[in-house]
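Structure first, commentary second.
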Amino acid sequence: MEQFEKTGYLNEDLRIFYLNDTKERKYELHYHDFHKILIFLNGNVNYYIEGKYYPLNPGDVILVKAGDIHRPTVSFSVPYERIIIYISNHFFEKEEHKKLFECFEYCKTSGNNRIAPDYTYRGLLLGDCVNKLKSSKLLDDDYQKLYEQIHITDLLIHLNLFIKDGNIPDTGHISNEKISDTINYINAHLTEELDINTIAASVYLTPSYLMHLFKAETGLSIMQYLNRKRLFLADSLIQNGASKTEACYQSGFKNYAAYYHAVRTIKR
């Protein structure tokens, strides 16, 4: 059985949550079919995204693209406080918002999902956006939603400008280089014919050892991870007008039976 599932829902372009967890709980690996921004306010947290762990400091901004498997690991010696923003694909498809997606593309190309505002001019502006979003929960309901929409857009603008200024340190830790290489290889060859032998050969390990190592490090089997990624791609293709049969083959499944089996057996 899969140990991760799709969580959350989004029926609008933008949604924001203010969360403060004080009770002990375990967060499972999961993914979303929308994009996510996490603004870390307080706590003792390492954030896992696709094979890397980020130790978080107050004010950090974490970007998670739709389909990326992630979870926080939390020590509840102090409350885990954060702002979470959900953003739909539809939001970024609007002509005036297309450039705002570049910050998520940066995560893909750089392999770095953590943005930490600093004391540069641009960093201070980004930090100011975070503070404005923190204060929005104090507004009357009549104004709160509009205020949030304005400052989420403002946040995206300054995230992109901050990234363009460059010199962003990557504080992520790869717990195992071979697992990181395996994840990168799978994502780079997702639509091609892949099996355990091919994947293991790409990282110079035996299939049996890689399967054991991948499961121990991520909690997932390699084929679970591979099929989840292919299903997410197939869902995206279907949403953009492809038939299920077309999406099946274009996302890397060898036949429709394999695709249908994945749809029926993987939590979504």
Review point. Would you call E50-K229 a salt bridge at under 4.0 Å N-O?
Key: yes
Problem - Expected output: side-chain N160 to main-chain L156 donor-acceptor under 3.5 Å - result: yes
Angle class for the Y260/Y256 ring planes (parallel below 30°, perpendicular above 60°, tilted otherwise)? parallel
- Query: Any side-chain heavy-atom pair from F214 and I179 closer than 4.5 angstrom?
  - Reply: yes
- Query: Is there a donor-acceptor pair under 3.5 Å between the side chain of E246 and the backbone N or O of S243?
  - Reply: yes
Heavy atoms of C103 and L63 approach each other most closely as O-CD1, 3.7 Å
Next item on the list: Identify whether the distance between the nearest side-chain nitrogen and carboxylate oxygen of K145 and E12 falls below 4.0 Å.
Entry: yes
*State, without any angle test, whether N113 and Y54 hold a side-chain donor-acceptor pair at a distance under 3.5 Å.*
yes
Q. Are L194 and V203 co-members of a hydrophobic cluster defined by side-chain heavy atoms under 4.5 Å apart?
A. yes
Ion pair K99/E102, N-O distance below 4.0 Å: yes
(message) Quick one, I87 and R15 - any side-chain contact, counting heavy atoms below 4.5 Å?
(response) no
Worksheet item: Below 4.0 angstrom, N of the basic side chain to O of the carboxylate: do R114 and D170 qualify?
Response: no
Exercise. Please determine, by modelled atom types, if Y86 and D13 share a side-chain donor-acceptor pair under 3.5 angstrom.
Key: no
Sequence neighbours excluded, the answer for side chain to side chain donor-acceptor pair (under 3.5 Å) partners of D165 is R122
Show the numbers, then the answer: is there a side-chain contact (heavy atoms from CB on, under 4.5 Å) between L155 and I39?
-> CA-CA 11 Å; L155 175 72; I39 300 170; 4.0 Å; yes
Exercise for review: Can you label the angle between the Y31 ring and the F232 ring as parallel, tilted or perpendicular, going by 30° and 60°?
Suggested key: perpendicular
Query raised in the report: Any side-chain donor paired with an acceptor under 3.5 Å for N89 and H35?
Result: yes
Taken in chain and number order and not counting sequence neighbours, the residues that satisfy side chain to side chain contact (heavy atoms under 4.5 Å, CB included) with Q144 are Y18, K137, L139, D141, E148
message = Looking at D60 and L56, would you say the former's side chain and the latter's main chain have a donor-acceptor pair under 3.5 Å?
response = no
Taking every heavy atom of I199 against every heavy atom of T182, the minimum-distance pair comes out as CG2-CG2, 3.7 Å
Practice problem: Kindly determine whether F104 and F92 satisfy ring pair (Phe, Tyr, Trp, His ring centres under 6.0 Å), including the steps that lead there. | Solution: CA-CA 11 Å; F104 286 97; F92 291 115; 5.8 Å; yes
Across all chains, not counting sequence neighbours, the ring pair (Phe, Tyr, Trp, His ring centres under 6.0 Å) partners of F40 are none
Distance col, row E24:CD vs S75:OG, nearest 0.5 angstrom, shows 7.5 Å
Practice item. Check whether I150 and L100 end up in the same hydrophobic cluster, where Ile, Leu, Val, Met, Phe, Trp and Tyr are linked by side-chain heavy atoms less than 4.5 Å apart. Key: no
Heavy-atom donor-acceptor pair, D21 side chain to K23 backbone, under 3.5 Å: no
Rounded to the nearest 0.5 angstrom, the OG-CG distance for S221 and L226 is 9.0 Å
Under 4.5 Å between any side-chain heavy atoms of E81 and L19, yes or no?
no
Contacts of I168 meeting side chain to side chain contact (heavy atoms under 4.5 Å, CB included) (sequence neighbours excluded), chain-then-number -> Y106, N112, I115, F162, I163
query = Where the side chain of K132 meets the backbone of H151, is there a donor-acceptor pair that is under 3.5 Å apart?
reply = no
query = Between H173 and Y53, is a ring pair (Phe, Tyr, Trp, His ring centres under 6.0 Å) present by the stated rule, with each step listed?
reply = CA-CA 5 Å; H173 300 285; Y53 291 88; 8.8 Å; no
When every non-hydrogen atom of A262 is compared with those of L231, the smallest separation belongs to O-CD1, 3.6 Å
Please determine whether residues I174 and I49 belong to a single hydrophobic cluster, defined as Ile, Leu, Val, Met, Phe, Trp and Tyr linked transitively by side-chain heavy-atom distances below 4.5 Å. no
The side chain to side chain donor-acceptor pair (under 3.5 Å) partners of E217 (sequence neighbours excluded) come to S175
Heavy-atom closest pair (H30 atom, E28 atom, distance to 0.1 Å) is ND1-O, 2.9 Å
- prompt: Any salt bridge between K36 and D68, counting N to O under 4.0 Å?
  reply: no
Pairs under 3.5 angstrom only: tabulate donor-acceptor contacts from the side chains of residues 184-191 to other protein residues two or more places apart or in another chain.
unit_1	atom_1	unit_2	atom_2	d
N184	ND2	S180	O	3.2
N187	ND2	I183	O	3.0
N187	ND2	Y225	OH	3.0
H189	ND1	E192	OE1	3.0
H189	ND1	E192	OE2	3.2

| Which is it for F101 and H97 under the ring pair (Phe, Tyr, Trp, His ring centres under 6.0 Å) test, yes or no, and what are the steps along the way? | CA-CA 7 Å; F101 191 68; H97 295 155; over 10 Å; no
Exercise. May I have the step-by-step check of side-chain hydrogen bond (donor to acceptor under 3.5 Å, both in side chains) for S251 and R230, ending in yes or no?
Key: CA-CA 5 Å; S251 57; R230 284 176 168 170; over 6 Å; no
What do you reckon, is NZ of K94 surrounded by more than 12 foreign heavy atoms closer than 6.0 Å? yes
**Asked** Is the closest side-chain heavy-atom distance between F76 and V78 below 4.5 Å?
**Response** no
